Amino acid sequence: MFPKLAAATAVAVAATTALAAAKCKTPDQCTGTTVPSQIRLAYAGDKGVAVSWNTGSKLTNPTVYFGKDKKLNRIAQSQVSTTYATSSTYNNHVVIDGLEADTTYYYKPNCGSETYTFTTSRRAGDDTPFSFAMIGDMGTFGPDGLGTTVGKGGANPLKPGDLTTIQSLSSFKDKYDFIWHGKSPRFGDIAYADSWLKEEKAGYITPLNTTDRGAVYDRILNEFYDEVEELSKTKPYMVGPGNHEANCDNGSDLSLCLPGQLNFTGYRHHWNMPSTPSGGVENFWYSFDHGMVHFVMLNTETDFPNAPDEPNGEGAENAGPFAPSGAQLAWLKKDLASVDRKKTPWVVAAGHRPWYVSTSACTECRAAFEPILLEHGVDLVLHGHKHFYERHAAVANGVAQEITANPTAPWYVVNGAAGHYDGLDVPTTPYVSTSREVIVAYGWNLFTVHNCTHLSTSFISSSNNTVLDTATLIKDRKCHGGKGEDGKGNH
Ligand SMILES: *[C@@H]1O[C@H](CO)[C@@H](O)[C@H](O)[C@H]1NC(C)=O
Ligand SMILES: *[C@@H]1O[C@H](CO)[C@@H](O)[C@H](O)[C@H]1NC(C)=O
Ligand SMILES: *[C@@H]1O[C@H](CO)[C@@H](O)[C@H](O)[C@H]1NC(C)=O
Ligand SMILES: *[C@@H]1O[C@H](CO)[C@@H](O)[C@H](O)[C@H]1NC(C)=O
Ligand SMILES: *[C@@H]1O[C@H](CO)[C@@H](O)[C@H](O)[C@H]1NC(C)=O
């Protein structure tokens with residue numbers, strides 16, 4: 001049984017006093033296997049931040065010390081420390097609640113040696129301009145993934161001196177508030193540890209050894225979380241599901257499928273997205289507000305009619321469902337209907353598989369989601385899955401509207417080009433009629449929300465930090481926002 005990730009309540013008193021008053025449980029004793037690694041953050045409602053990290057052993061009382069200064073005089077705890085078959089580590093999750101909006105806190109998981117910072121989300125209605133980073137389909141970099149050489153089934157190795165997408169994102173860290181890996185943050189497709197079999201068969205990594213196969217998958221996954229920690233320990237790293245979180249046959253040998261590789265197991269354990277505050281389901285679908293934007297994560301893999309990863313879908317993933325039939329789309333309608341556009345004039349949705357793209361498209365996804373996104377005036381839709389960058393027009397039912405002409409339909413941007421073992425995809429020519437720019441290079445997008453009428457993006461080449469494309473969506477509407485009476489959007 002997968003344990004429900006419970007929110008922990010922050011106790012707003014000095015840690016030592018709290019412990020003495022027995023309000024808190026005793027934090028785990030520090031040993032070699034309780035040292036935190038792979039620290040990752042997520043927004044958790046408008047007053048919370050989820051802190052997750054891994055340890056070599058199960059923790060009894062996962063504990064985070066935090067505060068507005070380095071004294072870290074507050075404490076948050078949970079009892080959530082989970083693992084799964086073939087995993088060598090435990091996933092610990094604590095939600096810190098009762099925080100102030102747009103405020104920087106210092107924090108440290110118990111037994112950590114370093115103190116880091118996070119900044120909470122901007123309150124809905126705060127009209128301060130901000131940026132967020134978007135990446136799709138990012139795998140492990142280095143000798144077990146995308147490196148400067150390539151094995152069979154791989155392509156487009158890095159050139160000597162090229163920055164990886166993680167390094168490029170890291171060099172722009174002051175420019176964005178959070179990372180949206182639609183697979184999202186990769187709008188799905190995180191780590192590509194499922195490539196282990198393909199890479200072994202290609203002789204790219206350890207020769208195929210059918211008795212240690214779980215260990216190689218686990219190793220690649222751990223390398224990914226180690227690498228991404230550079231970003232995820234200081235920036236909320238918001239993720240969505242992609243097919244590679246459920247693939248088990250990449251290498252074409254179903255007999256080698258691993259329990260930890262099936263049915264989004266590792267993905268469910270590793271992350272703690274804000275589905276509880278937004279009425280969503282686990283890390284599969286959820287929403288959150290940040291300043292002028294309401295962000296929505298969709299699950300294009302399971303839980304809608306003919307979903308591609310479900311047992312009778314188009315893929316071999318054989319995953320889900322994760323909620324009763326109809327739950328995701330009913331949630332989406334309700335979530336979008338409840339948006340206060342005076343506070344969050346922009347609505348941005350992300351989902352792994354694209355339906356407007358110059359290669360095979362997810363027609364089932366389009367049938368399920370497009371009518372709802374159109375009905376509720378969603379402004380921007382972000383996709384990954386295809387390993388190139390393709391900026392489209394705004395599109396309604398296949399008909400393009402230009403983004404500078406006050407479109408009524410969502411603007412579509414596809415970027416699954418963060419980089420992984422397989423390299424880049426070749427788009428099909430001629431490009432679809434909604435396509436406006438195609439770039440086949442590793443890269444990520446920096447989105448900037450300027451005000452209630454202008455939202456722009458830059459596609460940045462990871463290899464050299466060069467901007468290769470820019471575009472701005474312009475809406476003709478009246479802005480209501482403001483910093484609010486307390487200067488932080490509190491009206
Ligand atoms: C295969 O993996 C097992 C388990 O890790 C290990 O004991 C064995 O030595 C490996 N065999 C080879 C040929 O590497
Ligand atoms: C294996 O991975 C590749 C690259 O991501 C993907 O295109 C392909 O669909 C996968 N194969 C299967 C059977 O899942
Ligand atoms: C995947 O996991 C969910 C949740 O535990 C379960 O309901 C579903 O039956 C599983 N799907 C498959 C194909 O094993
Ligand atoms: C909104 O931002 C854009 C881009 O920075 C700017 O050109 C425009 O004048 C702004 N509009 C208002 C009303 O401030
Ligand atoms: C940066 O990288 C992109 C993509 O590989 C390439 O097209 C471009 O020429 C490079 N620019 C510079 C200044 O090196």
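In this text, all values refer to a predicted model and were calculated from it rather than measured experimentally. Both counts, for ligands and for their atoms, begin at 1 and track the order of listing. Position 1 is the first residue of the sequence; numbering continues from there.
Taking only nitrogen or oxygen atoms, main chain and side chain alike, Ala319 does not reach within less than 3.5 Å of ligand 3. Not a single N or O atom of Asn318, backbone or side chain, sits closer than 3.5 Å to an N or O atom of ligand 3.
Thr82 pairs in a side chain to side chain donor-acceptor pair (under 3.5 Å) with only one of the listed residues (Arg268, His269, His270), which is His269.
Considering only residues two or more places apart in sequence or on other chains, Glu437 meets the side-chain hydrogen bond (donor to acceptor under 3.5 Å, both in side chains) condition with none of them. Residues satisfying the salt bridge (charged side-chain N to carboxylate O under 4.0 Å, His left out) test with Asp469, not counting sequence neighbours, are Arg391. For the salt bridge (charged side-chain N to carboxylate O under 4.0 Å, His left out) test, no residue two or more places apart in sequence or in another chain qualifies with Lys235.
When non-hydrogen atoms are compared, ligand 3 lies under 4.0 Å from neither the backbone nor the side chain of Glu282. At a 4.0 Å heavy-atom cut-off, ligand 3 touches Phe322 through the side chain alone.
Between the side chains of His290 and Ser121, no donor N or O sits under 3.5 Å from an acceptor N or O.
In this structure, Ser87 contributes its side chain and Thr89 its backbone to a donor-acceptor pair below 3.5 Å. Counting only distance, with no hydrogens or angles, the side chain of His420 and the backbone of Leu146 share no donor-acceptor pair below 3.5 Å. The main-chain N or O of Asp309 is never found under 3.5 Å from a side-chain atom of Asn243 such that the two would form a donor-acceptor pair.
For ligand 3, the atoms sitting less than 4.0 Å from at least one non-hydrogen atom of Asn263 are 1 (C), 2 (O), 3 (C), 8 (C), 10 (C), 11 (N), 12 (C), 14 (O), numbered in the order shown with element in parentheses. Every atom of ligand 4 with a heavy atom of Asn451 under 4.0 Å away is listed here by number and element: 1 (C), 2 (O), 3 (C), 8 (C), 10 (C), 11 (N), 12 (C), 14 (O). The contact set between ligand 3 and Pro321, taken as ligand atoms under 4.0 Å from a residue heavy atom, comprises 3 (C), 6 (C), 7 (O), 8 (C).
Because its NZ or CZ atom is both nearer than 6.0 Å to the ring centre of Tyr225 and within 45° of the ring axis, Arg40 counts as a cation-pi partner of that residue.
Listed by chain and number, Ala441, Ser461, Ser463, Asn464, Thr466 each place a non-hydrogen atom less than 4.0 angstrom from ligand 5.
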